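Remarks on the structure that follows.
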Amino acid sequence: MTDLEILCGIVAVLLGVYYYYLVKNYDFWRKRGVPGPKPIPLFGNYMSVMLGRTFMGTYIKKLHDEYKHEPFIGTFLKRQPLLIIHDLDMIKTVLIKDFSTFSSRGVTFNETVDPLSQHLFNLEPKRWRPLRARLTPVFTSGKLKEIFFLILECSNTLEKYLDTMVMKGKPIECRELAARYTTDVIGSCVFGINMNSMSEEECKFREFGKNIFKSDLKDVLKARIREGMPWLYMLLGYVTKKDDLTEYFTKVILDVMDYRKKNNIVKHDFIKTLIDIQAHPEKISDIELTETLIVAQAFVFFAAGYETSSGAISHALYELAQNHELQDKLREEIREHHLLNNGIWQYENLKNMKYLDGVLKETLRKYPALPVLMRKSVQDYTFEDAKLQIPKDTKVFIPVYALHYDPDIFPNPEVFDVNRFMDDTIATKHPMHYLPFGDGPRNCIGARFAVFQSKIGLIKILRNYKVDVCEQTQIPYKLHPGSFLVTPKYGITLKVTKIES
């Protein structure tokens with residue numbers, strides 16, 4: 001036997017061992033009698049998603065439609081078993097009833113490489129629980145009333161900025177418009193900082209926001225390395241420096257905190273809460289309260305706060321631009337309440353605007369920020385009714401996007417129908433049928449804030465302006481395949497015209 005033959009034999013054996021390693025777990029769901037698609041070695045069931053060719057929400061919706069009458073299906077993320085739950089009662093069990101078992105999101109992150117990744121959305125239950133308890137009071141209805149005037153100030157700036165944009169006579173990229181507004185709102189209400197996003201100059205925080213959720217090839221590759229080869233991701237983190245925007249954000253937040261402490265400045269906002277947490281670490285036991293952990297909480301509220309609301313505003317404008325009857329009806333309600341309140345908007349006014357509420361809820365149905373809710377079992381668990389046992393660390397997906405487009409739940413789901421949320425029939429539906437902000441203890445902590453800033457933004461834009469489609473408007477709507485959020489591939493460009501008040 002020649003050396004070449006020996007080498008080929010060794011290679012063949014190694015390849016065989018590697019192949020066995022890749023596929024040996026693929027009988028996991030079959031053993032438990034769980035239906036699902038056949039996995040592909042190395043990729044599992046998510047090859048097109050991992051390669052950035054298919055949007056996660058679109059792919060899981062396809063699986064949901066294919067296995068529509070199954071309460072759950074078994075899939076594999078590479079080699080790892082992943083359960084997708086369709087049954088609404090089982091979803092409620094995961095999110096609420098037995099939340100303690102599914103209190104982890106199962107998100108892969110590395111705080112050494114990405115210091116700002118150790119935030120409330122990603123954190124494991126041990127650190128998440130006490131931090132969530134301390135941060136929740138910042139977003140109560142009482143706190144929202146206190147800062148409502150700050151949202152109004154930013155919305156007034158939005159009106160002036162929009163007026164200058166309209167005067168140029170060019171179509172407007174509405175996601176950018178809305179993001180500038182929500183960046184200012186977050187800066188003013190949450191951090192006590194004047195972001196000055198709605199100016200001709202590029203705002204540093206706006207630049208920061210653009211980079212958080214970008215989905216170019218570099219970021220997709222970075223995410224795949226983080227998930228698939230954490231050891232390599234850690235190694236690269238040691239040899240590459242922190243990005244400039246991360247350093248900038250960290251410095252700004254720490255400087256604001258230091259300035260307030262040194263000058264005894266008290267503002268009852270998010271920064272005040274972070275200062276209190278830092279000053280009293282004994283109230284959060286067994287957690288090392290590093291500066292980066294503190295700053296990371298500010299980061300997630302900036303990121304989620306501006307992105308969720310800017311998406312809601314621009315998607316609402318996109319739908320209303322294609323349906324002037326709905327747009328006119330909403331404008332009529334806006335102007336009616338504007339007159340009733342002599343042009344002075346109050347926190348309580350928005351609760352009485354039923355049509356505005358319906359428009360926003362239907363927008364969040366068609367365009368929920370997250371296509372899936374992720375959970376991971378922190379211990380072995382058995383779904384008693386289904387007689388399904390899963391081991392510790394099994395990942396679970398709640399298919400929000402698929403549920404929102406299920407015709408058995410929402411007839412004609414592709415149609416933007418505000419009437420779905422205008423009567424009492426919505427109250428008769430299962431509570432898990434509509435999950436734009438999740439549900440249970442790990443729901444979106446800033447949901448109420450996001451709704452109010454979105455409503456005010458829509459009021460200010462639509463009271464004196466009309467939105468129309470134009471040549472640059474992408475119809476039909478196309479989802480960005482490489483994004484983990486529900487975002488358009490080509491932006492949302494509309495024609496905006498000022499009308500008589």
Side-chain angles (χ1 to χ4, degrees), residues 21-50 54-64 67 70-87 90-110 117 120-126 128 223-230 233 370-383 386 388-403 432 435 438-443 484-485:
Y21 166 77
L22 292 176
V23 303
K24 70 173 184 175
N25 205 33
Y26 283 172
D27 62 351
F28 181 91
W29 294 120
R30 181 181 57 79
K31 287 180 178 179
R32 290 165 171 78
V34 178
K38 185 178 180 180
I40 299 172
L42 188 62
F43 295 101
N45 299 110
Y46 295 87
M47 182 172 73
S48 62
V49 174
M50 293 174 65
T54 305
F55 176 58
M56 174 68 83
T58 303
Y59 175 70
I60 292 185
K61 179 182 179 299
K62 179 183 176 183
L63 292 181
H64 178 81
Y67 294 88
E70 300 289 349
F72 43 75
I73 60 174
T75 65
F76 294 90
L77 186 59
K78 291 174 290 187
R79 299 176 60 253
Q80 186 176 23
L82 190 158
L83 185 70
I84 301 176
I85 300 179
H86 297 159
D87 182 82
M90 288 181 67
I91 290 174
K92 187 175 182 179
T93 294
V94 170
L95 296 182
I96 302 173
K97 183 180 177 182
D98 287 336
F99 168 77
S100 59
T101 299
F102 299 95
S103 53
S104 172
R105 289 194 189 273
V107 178
T108 302
F109 70 96
N110 189 306
S117 66
L120 205 61
F121 185 89
N122 289 343
L123 282 177
E124 75 288 345
K126 180 182 177 181
W128 168 81
R224 300 300 171 256
I225 294 175
R226 182 178 65 241
E227 296 162 4
M229 293 180 284
Y233 189 70
L370 291 173
V372 298
L373 300 177
M374 300 173 288
R375 295 292 187 269
K376 185 177 75 171
S377 59
V378 298
Q379 60 190 26
D380 294 350
Y381 183 80
T382 300
F383 292 96
L388 172 64
Q389 186 276 331
I390 58 174
K392 178 183 177 181
D393 293 332
T394 301
K395 288 193 174 184
V396 174
F397 272 7
I398 310 300
V400 175
Y401 188 81
L403 292 173
M432 298 295 105
L435 298 166
D439 209 328
R442 280 201 92 143
N443 68 342
F484 72 94
L485 300 175

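Please read these numbers as outputs of a predicted model, since none were measured by experiment.
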Which residues satisfy the side chain to side chain donor-acceptor pair (under 3.5 Å) test with [X], sequence neighbours excluded?
{"X": "Q80", "value": "none"}
{"X": "S48", "value": "T54"}
{"X": "T75", "value": "Y46"}
{"X": "N122", "value": "H119"}

For [Y], does its backbone N or O pair with a side-chain atom of [X] as donor and acceptor, under 3.5 Å?
{"X": "S377", "Y": "T394", "result": "yes"}
{"X": "R442", "Y": "F99", "result": "no"}
{"X": "R105", "Y": "L123", "result": "no"}

| Residue pairs involving residues 29-48 (criterion salt bridge (Lys or Arg N to Asp or Glu O under 4.0 Å); sequence neighbours excluded) |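 Salt bridge (Lys or Arg N to Asp or Glu O under 4.0 Å) check on residues 29-48 returns D27-R30, D27-K31.
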Pairwise distance [atom1]([X]) to [atom2]([Y]) - rounded to 0.5 angstrom:
{"X": "L95", "Y": "L435", "atom1": "CG", "atom2": "CG", "answer": "6.5 Å"}
{"X": "I398", "Y": "I60", "atom1": "CD1", "atom2": "CD1", "answer": "10.5 Å"}
{"X": "L42", "Y": "I40", "atom1": "CG", "atom2": "CD1", "answer": "10.0 Å"}
{"X": "I91", "Y": "I85", "atom1": "CD1", "atom2": "CD1", "answer": "6.5 Å"}

Restricting to non-hydrogen atoms, name the atom on [X] and the atom on [Y] that form the minimum distance, rounded to 0.1 Å.
{"X": "L403", "Y": "H64", "answer": "CD2-CE1, 4.0 Å"}
{"X": "Y401", "Y": "G57", "answer": "CD2-O, 3.5 Å"}
{"X": "W128", "Y": "L120", "answer": "CD1-O, 3.4 Å"}
{"X": "G74", "Y": "P37", "answer": "O-CD, 3.8 Å"}
{"X": "I84", "Y": "P399", "answer": "CG2-CG, 4.1 Å"}

| side-chain hydrogen bond (donor to acceptor under 3.5 Å, both in side chains) pairs, two or more places apart, involving residues 90-100 |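 Of all non-adjacent pairs touching residues 90-100, those that pass side-chain hydrogen bond (donor to acceptor under 3.5 Å, both in side chains) are D98-Y381.
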Under the side-chain contact (heavy atoms from CB on, under 4.5 Å) test, residues paired with [X] that sit two or more places apart:
{"X": "D87", "result": "P71, D89, M90"}
{"X": "F43", "result": "M47, M50, L51"}
{"X": "P39", "result": "Y26, N45, F76"}

| message | Checking L83 against W29 for the side chain to side chain contact (heavy atoms under 4.5 Å, CB included) test, could you report, in this order, the C-alpha distance in whole Å, the side-chain angles of both residues, the deciding distance, and whether it holds? | response | CA-CA 9 Å; L83 185 70; W29 294 120; 3.7 Å; yes
| Residues in salt bridge (charged side-chain N to carboxylate O under 4.0 Å, His left out) contact with K376, at least two apart in sequence or another chain |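 Scan of K376 (salt bridge (charged side-chain N to carboxylate O under 4.0 Å, His left out), adjacent residues dropped) gives D393.
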| request: Return the set of residues passing salt bridge (charged side-chain N to carboxylate O under 4.0 Å, His left out) with K395 (not counting sequence neighbours), or none when no residue passes. | output: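 In terms of salt bridge (charged side-chain N to carboxylate O under 4.0 Å, His left out), with neighbours along the sequence ignored, K395 is linked to no residue.
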| field | V378/K392 under side chain to side chain contact (heavy atoms under 4.5 Å, CB included): CA gap, chis, key distance, verdict | value | CA-CA 5 Å; V378 298; K392 178 183 177 181; 5.6 Å; no
| message | I'd like to know whether L370 forms a side chain to side chain contact (heavy atoms under 4.5 Å, CB included) with V400, so could you lay out the CA-CA distance, the side-chain angles of the two residues, the decisive distance to 0.1 Å, and finally the verdict. | response | CA-CA 7 Å; L370 291 173; V400 175; over 6 Å; no
| query | Would V94 and F383 satisfy side chain to side chain contact (heavy atoms under 4.5 Å, CB included), going step by step from the backbone distance to the final call? | reply | CA-CA 10 Å; V94 170; F383 292 96; 3.9 Å; yes
| request: Ignoring hydrogens and angles, state whether a donor on the side chain of Q379 or T101 is under 3.5 Å from an acceptor on the partner side chain. | output: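 Per modelled atom types, Q379 and T101 side chains form a pair under 3.5 Å.
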| query | Can you list the residues that meet the ring-ring contact (aromatic ring centres under 6.0 Å, His included) rule with F397, with sequence neighbours excluded? | reply |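 So F397 forms no ring-ring contact (aromatic ring centres under 6.0 Å, His included) with any residue.
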| message | Counting C-beta onward and ignoring hydrogens, is there a side-chain heavy-atom pair between F484 and M56 closer than 4.5 Å? | response |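 With C-beta onward as the side chain, the pair stays apart.
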| field | Pairwise side-chain contact, D380 with I390, heavy-atom cut-off 4.5 Å (strictly under) | value |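 Counting from C-beta outward, D380 and I390 never come under 4.5 Å.
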